[in-house]
Novice: 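Structure in structure tokens, see below.
These values consider heavy atoms only, across backbone and side chains, with no hydrogens, waters or symmetry-generated copies. What you see is a predicted model; the values in this text were computed from it and never measured. Order of the sequence lines fixes the chain letters, A, B, ..., with proteins taken first and strands second; residue numbering starts at 1 for each chain.
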Amino acid sequence: MSEKNKERYDPQAFESKWREKWLETGLYNASSHDARPKYYCLDFFPYPSGAGLSVGHCRNYVPTDVICRYQRMNGRNVLHPMGWDAFGLPAENAAINQGRHPSETTREYAANYRRQMELIGVGYDWSREINSSDPEYYRWTQWFFLLLHRRGLAFRTSGYQWWCPDCKTILANEQVEAGKCWRCSETVTKKELDQWYFRITDYADRLLEGLDRIDWPERIKMMQRNWIGRSEGSTILFPLEGQEPLEVFTTRPDTLFGVSFMVLAPEHPLVGALTTDDRKSEVEAYAAQTLKQQEIDRLSTEREKSGVFTGSYASHPITGEPVPIWIADYVIMTYGSGAVMAVPAHDQRDFEFATKFELPIKPVIKPVKGELAQPLAEAFQEPGVMFNSGEFDGQPSQAGGQAVTAKLAKQKLGQAAITYRMRDWLISRQRFWGAPIPIIHCEGSCGIVPVPEDQLPVKLPEIAEIKPSGTGRSPLANVAEFVETTCPKCGGPGRRETDTMDGFACSSWYFLRFTSPHTKDRPFDETEMTYWSPTDLYVGGAEHAVMHLLYARFWTKVMFDEGLVPFDEPFPRLLNQGMVHAEDGSKMSKSKGNVISPDSVVDKHGADTLRTYELFMAPFDQPVTWSDQDIKGVHRFLSRIWRLAMEAGNLAALDDAEIDPTSLEPQQLALFKEIHRTAERVTADMDRLAFNTGIAAMMELLNRMYLHHEAHGMDRVLRQAVKMLVLLTAPMAPYMTEEIWSRAGGAYSIHQQPWPAFREAMLQRETFQLVVQVGGKKRDAIDVPVDIDADQAKELALNSEKVKPYLDGKKVLKAIYVPGRLVNIVVK
RNA sequence: GCCGGAGUGGCGGAAUUGGUAGACGCAAGGGACUUAAAAUCCCUCGAGGCUAUGCCUUGUGCCGGUUCGAUCCCGGCCUCCGGCACCA
């Protein structure tokens, strides 16, 4: 390398300059809808935390940025927006912990996130930045609430629900993980309150069915399927003396003849009526105890079965035999009808219960092959053949169950039924920091009255005391100016609903707002929404599998039904980025103090090195371990490009089309072909989001370029190679390539250049290595012309000096030629 | 327990999905340059072996199978990660 080109790669010298210029010129702003094909790439919008971004967040934002830059170079109108999921528990808790107001911390933390995103060169369209706590945004969240209300999908009811004693609010089922609050990990309890719900259960089947039409990680689909929990079976009525029959749900109507007792959930409404006087004190004590301890670990599978007899009997719907009715906490009130028919011979839980309380165990299903163990050591739960079942004996489980249900249906004692585990989405929060639920309770006789659309937004009052009270009422309840209002219907006095909406309501439609974020009179502009939607790619972590990703699908289906959007799946393609672990393999967390910030990495190596490293370390969706050692490798790679580029001089004037391959020396031609082959490989890798192998391909080219440089110096083919490599690396290393481009006489910006094309003709090879195998083992490799035919190839193979010894004294049975690859000689 | 995903060198990972296993990078060892260090560059690098500039055997979690040929397909196990967990 000559003296004058000794300037080293120093990202600090130019990164901030380009960062400012990109922002100034709005380089990454999407156009309004136009004739170009669009590409809408969306990242999960984050709640801004005081801790700032880690290199883990970058694993989400950098790859999507690279995809967007690539799509832009390919002529797409690209929308890559960013905003803030600012309302909700996470943001509010963080603020309270700091002793500050969330409106203030949100602003500050969001600004820091944005600074960091700009720092690492992610090209968001900041003209579309949105914030879900902005009244201009949440008026439309409230508008959607009214839409759901109008369609009968928002309702208010009372019940025992999950309550987080730390966050002092009710939570949705989705937001309780293994008995703990999803935000603060406090063990949840139950509280009875009037609450607002969205009727997501109405959409259970459609939410299930839609999963088959979308390209999502199998894991996430599986989690949603589990969560929805569809079970097919029957409801069966067990007549009771002197009252309405007892309803149960079962997936195994074929086991009906094996019922030896019934079990109700302790909270079941019939418990009182069914308890006989002599059992009363015991039953009430058990029910009370269940209610108290259920918060702790009614969830545990390990617990021994417990329960008490009510003293009553139901009659079997077919045999009429009396069946004793028990209560036990292993039966849950909120699933099915809160009551089960117990078949101990064929259900393990019932088996354990029957064993403990010495209740009869009557087998009615036997295996298709073989016999049941005598006596049963555990329940036989597989399907089989019915016996001990009167007229149904000999029927297989599936058909027999249907026959049983059909017979019951005739007597109006049963029918086929489907049950779901998913419950309706509870959206009331007794918290300040959320969109107020736009409802007024009339003090007169109008009851619950929705706030008229033209009175939206219902704004949060500006108050200092926002801490949750713990009384089961939101802090808004203490703000008279907020609460006291007039009833829109009768004009008399009214009181505003003081609960706010779950933060997940805000994130259930934000992807539509990005398409026209400044629209004033509607949630989004129809033309823009139709042009941009649905998203082409949605990327984020797996932690929202049964929260945000389920809720947003639900809202979209409601909007589809309302005719607001022309699609019912908002995210046809979803990817989860892999997590970044700390160097010791543990999770990065604030409490462990092992979080690596992008700031520190940019400071040390520059933004492009951080970006390229994140892309190179592993496939995009794989978890990775951060390594200060490995990052040096990609830094070296970028430095090596830089050095060659500095020597290459003016690149802008170079034109690939002007190079006539026939005029090149053989070694130049070899490199020239390598350039085009690399362009092809990188293009294919970008299309399948295989950034790690794409970078590897570029590293290979670079290695060859250095060898060429050694032998031939900076000739015109090498300069062409430099130009190609700079364009191919532009999406990954936007700063360095912009600097090189500008020094090399290129017009601003390199990020508006077309993605390099490759010449098909240059991908052709004249020869290839023909591998010769004997019995599947490689024995030779011969350079042969590409157009060699099978007979020629086989002849060459058979005559190879290296192969001959292996054919000695053997009989050649056949030779298989795989075009362009190998000949395998089969001997005996 | 049930469901989903994955097992390839010292490490991260490649392999056009049935066709040369280990691309690319890190680490390690050796060398060049340098007063020295950093930086840079070159060579070696799965294991075992041999008559060693080359060649042989073996090798993709384990055991079988299909095939001319298996990291890839089939059957049976083992391990790890993630999710759900008394849902009748």
Novice: Can you find a donor-acceptor N/O pair under 3.5 angstrom joining the side chain of A/K632 to the base of B/rC26?
Specialist: no

Novice: Which residue, A/K802 or A/Q773, contacts RNA chain B at a nucleotide closer to its 5' end, judged by nearest heavy atom?
Specialist: A/Q773

Novice: With the side chain of A/N703 defined as its heavy atoms from C-beta on, choose the nearest nucleotide among B/rC24, B/rU16, B/rA15.
Specialist: B/rC24

Novice: Please pick, from B/rG13, B/rA14, B/rA27, the nucleotide with the shortest atom-to-atom distance to any side-chain atom of A/Q629.
Specialist: B/rA27

Novice: By nearest atom, which of the nucleotides B/rA88, B/rU20, B/rC68 is closest to the A/Q769 side chain?
Specialist: B/rU20

Novice: Establish, with yes or no, whether the OP1 or OP2 oxygen of B/rA88 is under 4.0 angstrom from a side-chain nitrogen or oxygen of A/S231.
Specialist: yes

Novice: Between A/Y817 and B/rC68, does any side-chain N or O lie under 4.0 Å from OP1 or OP2?
Specialist: no

Novice: Look at A/Y335 and B/rA88 and indicate whether a side-chain polar atom (N or O) is within less than 4.0 Å of OP1 or OP2.
Specialist: yes

Novice: Output the single nucleotide from B/rA85, B/rG83, B/rC68 whose closest atom is nearest the side chain of A/R421.
Specialist: B/rA85

Novice: Of all the nucleotides listed (B/rA88, B/rC26, B/rU57), which has the minimum atom distance to the side chain of A/V331?
Specialist: B/rA88

Novice: Would you say a side-chain N or O of A/K777 is under 4.0 Å from OP1 or OP2 of B/rU58?
Specialist: yes

Novice: Tell me whether the OP1 or OP2 atom of B/rA15 has a side-chain N or O from A/R681 closer than 4.0 Å.
Specialist: no

